[in-house]
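Data block below; observations after.
Every chain is numbered from 1, with letters handed out A, B, ... down the list of sequences. Just so it is clear, the model here is predicted, and its values are computed rather than measured. All heavy atoms count here, side chains included; hydrogens, waters and symmetry mates do not.
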Amino acid sequence: MTVTTDFLNQLNPSQRRAVEHFCGPLLVVAGAGSGKTRALTYRIANLILNNRVDPENILAVTFTNKAAREMKERVERLFAEQEALARHGKPLQALSEYEQIQLRSYVYKTFIKHLWIGTFHALCSRILRFDIEKYQSEAGHRWTKTFSIFDESDAQSLVKSIVVSKMNLDDRAFNPRSVRFAISNAKNQGYDAAEYEQANQTFKGRTIAEVYRYYQAGLAENNALDFDDLIRLPVQLFRQNSQVLNYWHRRFRHILVDEYQDTNRTQYDLLRLLTTNGQAGRFDDWENRSVFVVGDADQSIYSFRAADFTILMGFQNDFGDGLPDDDTRTLVKLEENYRSTSNILDVANYLIENNTERIDKILRATRGEGETIACYRADDEVAEAEYVVGQIRSLEFDHPELSWGDCAILYRANAQSRALEEVLTRYSIPYRVVGGLRFYDRREIKDVLAYLRLVANPADSVSLKRVINTPRRGIGKTTIDNLEKAAQELGVPLWEIISDETSAKTLAGRSGKAVVGFAKMVQSWQDKVDSATASEIVQDVLADTSYLETLQARGTEDDLERGQNIQELYNAVLQFEEENSEDASLLAFLANASLNSDLEDSKNEGNEVSLMTLHASKGLEFPVVFLVGLEQGLFPSNRSLDDAAAIEEERRLCYVGLTRAQDRLFISHARLRRLYGSDRTPAMPSIFLGELPPDYIQTNIATALPERWTKTQRQAKLSQTRQSSDRPGTHADDWTVGEPVSHPAFGEGKVTHIFGAGNKICLAIHFPGLGKKIIDPKVSTLERVSS
DNA sequence: GTGGAGGCTGTTTTT
DNA sequence: CAGCCTCCAC
């Protein structure tokens, strides 16, 4: 392929600067719709085509599978287009179908196949399949490369069994759900049980630390990892084994990270280790090496999962040159929005200005004003749905160029989809619920997967217990208890007891025959796990267990659907084998099933209205967006109402929703809402509604949007806040680390860090009881507290 | 050991 | 309104 810079002409100057950056660190602050995926994909292409980087040396990390898939596709298309020009002197579309296929397969084999593009979890599970056997935890636990990946419900039931059976705790005070949550959080911040205990010296803290210890032992006994360990283990392994780290450090010379504001401590540690090879302090050996992160603090919506956007704020000090914005060479801001009309953008900008935790950033519109934003107050959730559907139908009529696929309905919680679905069905409008009840979370699918996990990893007692009596084969609770007790006493996995004919028969008594039969059946699958394909094993499992027949025999509508789902799973296995011919092993399939839980996505690209949560909408865009359910207690959610920082996160979520819209934006709320089977309860309009600029918004009734500003007044106010950078307290010299300050919403705290320099700064402030916050003194007024 | 009835609880977002 | 758990009758 010839060297070319033509494709770089499609970029604006900032994008181009980001894309052409070669070695060293770079932070790209990328507002909504500013072309960050474009920057990422073009950068990958540029590294390979112009800087002659071997695709094997590139690692691109995303946050969701969807994003990874999209990035892969876009890189592939970019290469194919370049290759078409180079080879045939014509654009890709001008080639015959045959030539296009040829080209694509060449591009795939030469470039795409060798790139590592995936989520943190997928990346780490790949690393662990190579190296996990070199790892031993502080507590002495080890894993083998056939490890299972426990999903959230597996993890929770393990916690539960520890809380209830092992430690005899009151499961009201130590609710397994919240204990699991505490452990997960600890892990994501990089704490092991001892460190967690150190930081939480209360009865509760010590007890949770104890559960944490048992829980880790339990995972190890099952030869299993939870989602958090998938990332934590590589970090620990890298710290204890410099050879392993060195291998991966040399392998990944150019690292790209999408949605950097969503990384948590452990993920950051991983990136840092990979980049610096474990070197502490300032890192400066950037020869043939780069770390390129892209993010937007205003779109940080995953702090409930321990994401920490102060990591993004700290990049310049961590890796970069730490110079002020105007002088730095390690920061690029993408501030031009190509997606939305200026009306939509203004409304979004106006809303997000209500947050105090921000960095100064302007998002400039490049498109015209467009339509005004519609806000509708409905009587109840059904009327709201009818309004949405009515609008879709009239758009259909007035704008034939629009189709159903151009419309998205966004909501805060999955449960809200029901009313919408009912009305959409009533009017025969095709729709698709994105990521609702996940395919791999269905009971029948989990059953089959549990069989497969047991085949791959006999130590997985959680899976074993799940399937030993599904379908019913007369092995009851008492029997399992007996077998389990024996396993515990001998310190071996449950499977060892069950698969030993003599022990099984003795211990299981009346059910002995059934247990032995079950064990022999599983054994027969295990015997061919290395020679047979994944799909063959699935076939065997289904045939030998008569799973489908059992469903058929019951024959309810649900059972029929379950049967179809299993059929679907089988298809998924076949498809997986086709797409991953290099490694189509059972293990690879299982990892894929655990980590890539959004199965339906790829095929249903038809012309349908999309329904999804706001979280699921991040990174997407639609010509027409409906944002529904703007009510206090729903959005912002009940749990955030008394927590300033949580409200800010909800506001960012709202900002994400608004900025998904390209041309038309509809907002709605209901006066009465029925949720969780209760009676219809009155609902107040969301505070966010009051924070939108009324003159941009058309309402169906004179709603209580407070204070009417004219557009000019608004703009004056906006630029006033922006120009306030000369105010006292906005310059780096105004502050010193360690000094006590007071914030209007968070109260008193201590400055722990100053980001940036000159008058473009952010302060990290620790507020007792609230934790660390990043504050921009230009946005919120800080006062010095005299001590 | 099975299966159903009935009671209780918890409901935000996801890899 | 689920989904889960417990309890009870077979």
With ring centroids as reference points, do A:H615 and A:Y411 lie under 6.0 angstrom apart?
no
Phosphate OP1/OP2 of B:dT11 contacted by A:R177 side-chain N/O (<4.0 Å)
yes
May I ask you to say what A:N638 touches in the nucleic acid, namely base, sugar-phosphate or nothing, with a heavy-atom cut-off under 4.0 Å?
nothing
Counting side-chain heavy atoms from CB outward, which of B:dT14, B:dG1, B:dT15 is closest to A:F227?
B:dT15
Applying side-chain contact (heavy atoms from CB on, under 4.5 Å), can you list everything that pairs with A:E549, at least two apart in sequence or on another chain?
A:S546
A:E381 CD to C:dC1 P: how many Å, rounded?
12 Å
Tell me the interatomic distance from A:F181, atom CZ, to B:dT11, atom P, rounded to whole angstroms.
12 Å
Could you tell me the separation between the CG atom of A:D481 and the C1' atom of B:dG1, rounded to a whole number of Å?
13 Å
Tell me the interatomic distance from A:L270, atom CG, to B:dT15, atom P, rounded to whole angstroms.
19 Å
What integer distance in Å separates A:L230:CG from B:dT14:C1'?
14 Å
Return the set of residues passing side-chain contact (heavy atoms from CB on, under 4.5 Å) with A:E70 (not counting sequence neighbours), or none when no residue passes.
A:T37, A:R74
Residue pairs meeting side chain to side chain donor-acceptor pair (under 3.5 Å), one or both in residues 120-132 of chain A, sequence neighbours left out, come to A:D131-A:K134, A:D131-A:W248
Here the ring pair (Phe, Tyr, Trp, His ring centres under 6.0 Å) pairs for residues 159-187 of chain A, sequence neighbours left out, are none
Determine if A:F63 stacks with B:dT15; use a centre-to-centre distance below 5.5 Å and an interplanar angle below 30° as the criteria.
no
In whole Å, what is the span from the NZ atom of A:K66 to the P atom of B:dT14?
9 Å
Under 4.0 angstrom, heavy atoms only, what part of the nucleic acid is A:Y302 near: base, sugar-phosphate, or nothing?
sugar-phosphate
Quick one: is A:T613 getting a side-chain N or O under 4.0 Å of the B:dT14 phosphate, OP1 or OP2?
yes
Among all residues two or more places apart in sequence or in another chain, which pass the side-chain contact (heavy atoms from CB on, under 4.5 Å) test with A:E422?
A:R418
Phosphate-side-chain proximity, A:T478 and B:dG1, N/O vs OP1/OP2 below 4.0 Å:
yes
Would you call A:R651 and A:E691 a side-chain contact if the rule is heavy atoms closer than 4.5 Å?
yes
Got a list of protein N/O to nucleotides 2-4 of chain B N/O distances below 3.5 Å?
from: B:dT2; atom 1: OP1; to: A:G474; atom 2: N; distance (Å): 3.0
from: B:dT2; atom 1: OP2; to: A:N469; atom 2: ND2; distance (Å): 3.4
from: B:dG3; atom 1: OP2; to: A:R472; atom 2: NE; distance (Å): 3.3
from: B:dG3; atom 1: OP2; to: A:R472; atom 2: NH1; distance (Å): 2.1

Integer-rounded Å distance: B:dT15 C1' and A:N185 CG
14 Å
Residues at least two apart in sequence or cross-chain that pass side-chain contact (heavy atoms from CB on, under 4.5 Å) with A:L620, listed by chain then number, are A:K66, A:M612, A:F622
Quick note, A:A413 side chain, CB onward, closest among B:dT15, B:dT13, B:dG1 is B:dT13
With sequence neighbours left out, write down each residue that passes side-chain hydrogen bond (donor to acceptor under 3.5 Å, both in side chains) with A:R305, or none if nothing qualifies.
none
Whole-Å distance, A:R674 CZ to B:dT11 C1', equals 17 Å
With a 4.0 Å limit, can you tell me whether A:S511 has a side-chain N or O closer than that to the phosphate oxygens OP1/OP2 of B:dG1?
yes
Using atom C1' of each nucleotide, how far apart are C:dC4 and B:dT13 to the nearest Å?
23 Å
Is any side-chain nitrogen or oxygen of A:R418 closer than 4.0 Å to OP1 or OP2 of C:dA2?
yes
Let me spell it out: for each of A:S640 and A:S594, pick the nucleotide of DNA chain B with the closest heavy atom. Which residue's pick is nearer the 5' end?
A:S640
Give me the distances for all protein-to-nucleotides 4-9 of chain C N/O pairs that come in under 3.5 Å?
from: C:dC5; atom 1: OP1; to: A:K160; atom 2: NZ; distance (Å): 3.1

Does the separation of the ring centres of A:F150 and A:F227 fall below 6.0 angstrom?
no
